[in-house]
2 protein chains.
Amino acid sequence: MAIVDEMVCFALYSASRATTRAYTELLAPWKLTYTQYLVLVILWTEGTKPVRELGEMLQLDSGTLSPLLRRMEDKEFIVRERDGQDSRIVNVSLTSSGNALRQDLAHIPAQIACGTGLPDLKAAQALIDSLHRVTESMQKISSPGT
Amino acid sequence: MAIVDEMVCFALYSASRATTRAYTELLAPWKLTYTQYLVLVILWTEGTKPVRELGEMLQLDSGTLSPLLRRMEDKEFIVRERDGQDSRIVNVSLTSSGNALRQDLAHIPAQIACGTGLPDLKAAQALIDSLHRVTESMQKISSPGT
DNA sequence: TCAATTTACGTTGCGCACAATCGAATTGTG
DNA sequence: CACAATTCGATTGTGCGCAACGTAAATTGA
């Protein structure tokens, strides 16, 4: 047992990377990344969204999202259009290919749920709740001014 | 509550990034990154280590470690030396500046422990154990052949 | 002994993640 | 209305994280 294995931060870091790697493999046939998958999940559920709202939900800024969305647009899974009312806003929508992915990728949640090794939904929810508390608490100590 | 907030993977991803951001702020005065800090923790505890062992402990390959260690060497916190017995191996050691950081950064673990918002060591250990199980389980489903 | 394989590390290329900065559009205020 | 402040998104630059590939050294084994 190495010293880093006794640290909460390293446990988080390892688990997060292991999970991302699992998604990366499952998504490889579509050449999608984990973060791109998260964008698809939001758009499947909520429909067209402005970039700003995607950023709020995923806690990502335009420095990450702009090139990521450009790549998704290049693959023709989404389209970006300036808003008619407020042309600062860019609305992101699914194309028909992007919508079709919803069925193609429907097997993934179960694969990941199984991959976590968590015994049941109750255990999964307990972990999620615990992680949400850590996230919230951590966000308070970094840049407390914002 | 957005759809992504119901996913274990996103809870992990968020908590990990929030924690990394907290470290980044604490480490900013020394221009160290979170991953560089992890290398220091290992070297403080275990002394000189070959690159391969650092990689095993942190689950990072040479594609990540080589440039990271080069930057740490540029800042004169570590030195890299080819092994005398087996010249494929590169041994990583702390410089006196690197050793001095141990005292300078001694306040960080308590700051982070506090920042997690976890009530006590027992809760922290329970979370670590839970995350280790997830990591191990996830590693099994990705590249099961290796 | 020496050719084939394995090991250790480095490099390249790509995609985030994030800070900093910019330009354009909108909003708020006098 | 004019103009300052704010909002939104894109761009630039740095540092991981990781796959793929390359090189040199060590080990294996016929």
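Keep in mind that the numbers below use all heavy atoms, side chains included, and drop hydrogens, waters and symmetry copies. Below, read A as the first sequence line, B as the second, and so on, with proteins coming before strands; counting in each chain starts at 1.
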- Round to a whole Å and report the spacing from OH of B:Tyr13 to P of C:dC16. 9 Å
- So, is B:Arg52 near the phosphate of C:dC9, with a side-chain N or O under 4.0 Å from OP1 or OP2? no
- Note on the structure: Looking only at C:dC18, C:dT11, D:dC18, the nucleotide nearest the B:Pro67 side chain is C:dT11
- Message: Please classify the nucleic acid contact of B:Asp86 as base, sugar-phosphate, or nothing, using heavy-atom distances under 4.0 Å.
- Response: sugar-phosphate
- Message: Does A:Gln85 reach a base, just sugar-phosphate, or nothing at all? Heavy atoms under 4.0 Å.
- Response: sugar-phosphate
- Message: Of the listed nucleotides (C:dC9, D:dC16, C:dA24), which one gets closest to any side-chain atom of B:Ser62?
- Response: C:dC9
- D:dT11 OP1/OP2 closer than 4.0 Å to side-chain N/O of A:Ser66: no
- Using whole Å, report how far CD of A:Gln139 lies from P of C:dA17. 15 Å
- How many Å lie between CG on B:Asp61 and P on C:dT12, as a whole number? 15 Å
- Nucleotide nearest A:Ile89 when distance is taken to its side chain, options C:dA8, C:dC16, D:dG9: D:dG9
- With sugar-phosphate meaning primed atoms plus P, OP1 and OP2, does B:Leu65 contact a base, only sugar-phosphate, or nothing at under 4.0 Å between heavy atoms? nothing
- Message: Given 3.5 Å as the limit, does a donor-acceptor pair link the side chain of B:Glu76 with the main chain of B:Glu73, or not?
- Response: no
- NA contact type, A:Ser87, heavy-atom cut-off 4.0 Å: base, sugar-phosphate, or nothing? sugar-phosphate
- Query: At under 4.0 Å between heavy atoms, what does B:Thr35 touch on the DNA or RNA strands: base, sugar-phosphate, or nothing?
  - Reply: sugar-phosphate
- Item | Any B:Arg21 side-chain N or O less than 4.0 Å from OP1/OP2 of C:dA19 | no
- Query: Is A:Arg70 touching bases, backbone alone, or none of the nucleic acid, heavy atoms closer than 4.0 Å?
  - Reply: nothing
- Message: Let's see if you can work this out: which of D:dG17, D:dC16, D:dG9 has an atom nearest to the side-chain heavy atoms of A:Arg82?
- Response: D:dG9
- Query: Can you say whether the rings of B:Tyr23 and B:Tyr34 are parallel (under 30°), tilted (30 to 60°) or perpendicular (over 60°)?
  - Reply: tilted
- Item | Short side-chain N/O contact from A:Arg88 to OP1 or OP2 of C:dG23, under 4.0 Å | no
- Message: Quick check on DNA chain D: between A:Arg17 and A:Gly63, whose nearest nucleotide comes earlier from the 5' end?
- Response: A:Gly63
- Query: For B:Asp83 and D:dA25, what is the distance between atoms CG and P respectively, to the nearest whole Å?
  - Reply: 14 Å
- Please give, in whole Å, the distance from D:dG9 C1' to A:Met72 CE? 17 Å
